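What follows is a short report on a single structure.
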Amino acid sequence: MKIEQHLRVKVGDGYDVYIGSGILENCGRFISDLFPMRNCMIISESNVAPLYLETVQKSCEAAGLHVSSFVFPAGEDQKTLGTFGMILNAMADAHLTRKDFAIALGGGVCGDITGFAAGCYMRGIPFVQIPTTVLSMVDSSVGGKCAVDLPQGKNLAGVFHQPSLVLCDTDTLSTLTPEVFADGCAEAIKTGILNGGALYELLMEGPEEGRLPQIIGHCIAYKGGVVERDEKEQGERKLLNLGHTAGHAIEKCSNFGISHGSAVAIGTAIMARAADALAWSTEPLGEEVESLLKDYNLPVITDYEPEELLEAALADKKRSGKLITIIMPDAIGHCVMREVTKEQLLEVFTAGWR
Ligand code: GLY
């Protein structure tokens with residue numbers, strides 16, 4: 001095992017994040033240090049479980065934990081109240097008590113749904129995140145946003161429930177398809193645009209496996225800082241939604257045929273081009289952001305018309321009254337929140353569309 005990075009997110013009691021290789025085989029040691037001799041349930045999905053469930057289970061058992069597991073079908077369309085209910089039933093069938101905990105083993109869907117179930121089961125039990133995709137390592141495993149989708153929109157039912165520990169084993173990234181790998185890079189690039197500095201420089205050097213632990217570490221350090229200052233998204237945390245207003249709309253228009261990362265990449269490119277076109281940025285951004293996204297094999301344009309995107313965006317939960325909060329890049333390393341009307345949002349989508 002090689003630990004490349006160790007960070008601490010200081011929200012609530014605080015939690016450790018370890019990034020490195022060979023962590024899965026040794027995860028039981030980290031977990032049992034926190035929860036010695038307890039019962040736990042590993043929640044995973046049908047693509048990830050055949051690869052890693054046995055390794056994680058054996059490591060936890062060797063460390064003295066009593067382990068059960070629940071595996072649900074893989075896919076973004078499984079992030080539903082139905083799957084959430086099945087996980088709660090499995091926890092009850094396994095007689096988990098308030099002293100016990102859950103482990104999310106998988107990508108963003110698995111982490112979100114496990115965190116939501118852990119946050120609700122017996123009014124809340126702890127959980128550990130073991131993310132296995134770039135997206136879940138750089139973004140969703142940290143910060144405690146846990147939700148499922150409703151037919152009316154994404155992430156409409158959920159809780160803020162921080163994990164007790166996050167273990168990022170970069171060995172798991174070698175089994176990702178190029179599309180799933182690229183998907184996560186969209187969230188890393190989003191974070192790079194927000195943060196600028198060393199993270200942005202690293203991303204500009206291009207996708208290379210050896211740089212991943214550092215990129216993941218920078219993304220988590222940035223996001224952890226934001227979450228420490230604004231856990232419940234009352235202000236600064238909204239910045240993490242850069243590219244997501246248009247991105248969620250694109251996902252919705254495609255009936256979720258376009259992945260989250262691809263949609264966020266297009267959404268980020270739309271905002272960068274719009275910032276240029278509307279003269280809202282202090283430096284030209286459109287071409288630079290497009291070129292960075294393309295280097296990571298991500299799309300930057302959509303066929304859905306601005307009016308279609310607007311309609312889908314208006315169903316989004318981030319709307320408060322008549323105004324919608326959007327995140328506009330001002331310069332690399334500096335983004336701002338703007339409250340816009342639906343007419344102004346249409347102007348933004350139109351300005352950044354191509
Ligand atoms: N993914 C954005 C956030 O956690 O706030």
Side-chain angles (χ1 to χ4, degrees), residues 7 9-12 14-15 17 76 79 104 106-116 118-119 127 129 131-149 153-164 166 168 180 183-195 199 215-252 256 259-268 271 298 313 316-320 324-329 335-337:
L7 303 136
V9 179
K10 298 182 210 82
V11 181
Y15 48 95
V17 180
E76 196 70 36
K79 211 175 118 171
V109 170
C110 183
D112 271 26
I113 203 161
T114 303
F116 185 25
F127 82 115
Q129 286 270 23
T132 59
T133 60
V134 180
L135 188 144
S136 53
M137 290 188 195
V138 300
D139 186 53
S140 59
S141 62
V142 165
K145 269 192 188 174
C146 307
V148 298
D149 302 333
K154 274 179 74 74
N155 298 325
L156 289 185
V159 292
F160 286 96
H161 186 46
Q162 300 292 335
S164 299
V166 181
C168 301
V180 174
D183 226 46
C185 294
E187 292 282 2
I189 291 170
K190 172 205 83 176
T191 310
I193 295 169
L194 289 164
N195 188 36
L199 171 59
I215 290 175
I216 296 164
H218 278 293
C219 287
I220 294 180
Y222 174 79
K223 180 169 179 179
V226 172
V227 171
E228 282 165 16
R229 293 185 291 275
D230 178 23
E231 183 189 3
K232 299 278 167 70
E233 199 174 301
Q234 297 304 300
E236 182 186 359
R237 187 168 179 171
K238 290 183 188 161
L239 291 173
L240 300 177
N241 296 322
L242 172 64
H244 283 61
T245 303
H248 282 173
I250 291 165
E251 279 184 277
K252 196 158 191 248
F256 300 96
S259 66
H260 180 70
S262 292
V264 167
I266 300 167
T268 305
M271 294 324 238
L298 287 159
D316 196 271
K317 69 179 189 309
K318 286 169 198 80
R319 202 176 165 201
S320 88
I324 302 128
T325 305
I326 57 167
I327 311 306
M328 292 301 295
C335 295
V336 293
M337 286 172 245

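Note that this is a predicted model, so its numbers are computed, not measured. Whatever order the structure lists them in is the order used to number ligands and atoms, beginning at 1.
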### Message
Please check this pair: side chain of S136 against backbone of T133, looking for a donor-acceptor N/O pair closer than 3.5 Å.
### Response
yes
### Message
Using modelled atom types and a 3.5 Å cut-off, is there a donor and acceptor pairing between side-chain atoms of K79 and backbone atoms of D149?
### Response
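No: the side chain of K79 does not pair with the backbone of D149.
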### Message
Are V226 and L239 packed together at the side-chain level, in the sense that at least one heavy-atom pair is separated by less than 4.5 angstrom?
### Response
no
### Query
Hey, does T191 have a side-chain heavy atom less than 4.5 Å from the side chain of L199?
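Sidechains of T191 and L199: in contact.
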### Query
Between E187 and H244, is any side-chain donor less than 3.5 angstrom from a side-chain acceptor?
yes
### Message
I want to know if ligand 1 touches N241 in the polar sense, i.e. an N/O pair below 3.5 angstrom.
### Response
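Between N241 and ligand 1 (N or O atoms, distance only) the closest approach is not under 3.5 Å.
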### Message
With nothing but distance in play, are any N or O atoms of K145 less than 3.5 Å from an N or O of ligand 1?
### Response
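Checking ligand 1 against K145, an N or O pair does fall under 3.5 Å apart.
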### Summary
atom 5 (O) of ligand 1 has as its nearest protein heavy atom R237 NE, 2.7 Å
### Task
Pick one of side chain, backbone, both or neither for how K223 approaches ligand 1, counting any non-hydrogen atom pair under 4.0 Å.
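The part of K223 near ligand 1 is the side chain, not the backbone.
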### Message
Quick check on contacts: which atoms of ligand 1 are under 4.0 angstrom from a heavy atom of D139?
### Response
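Those of ligand 1 that fall under 4.0 Å from D139 are 1 (N).
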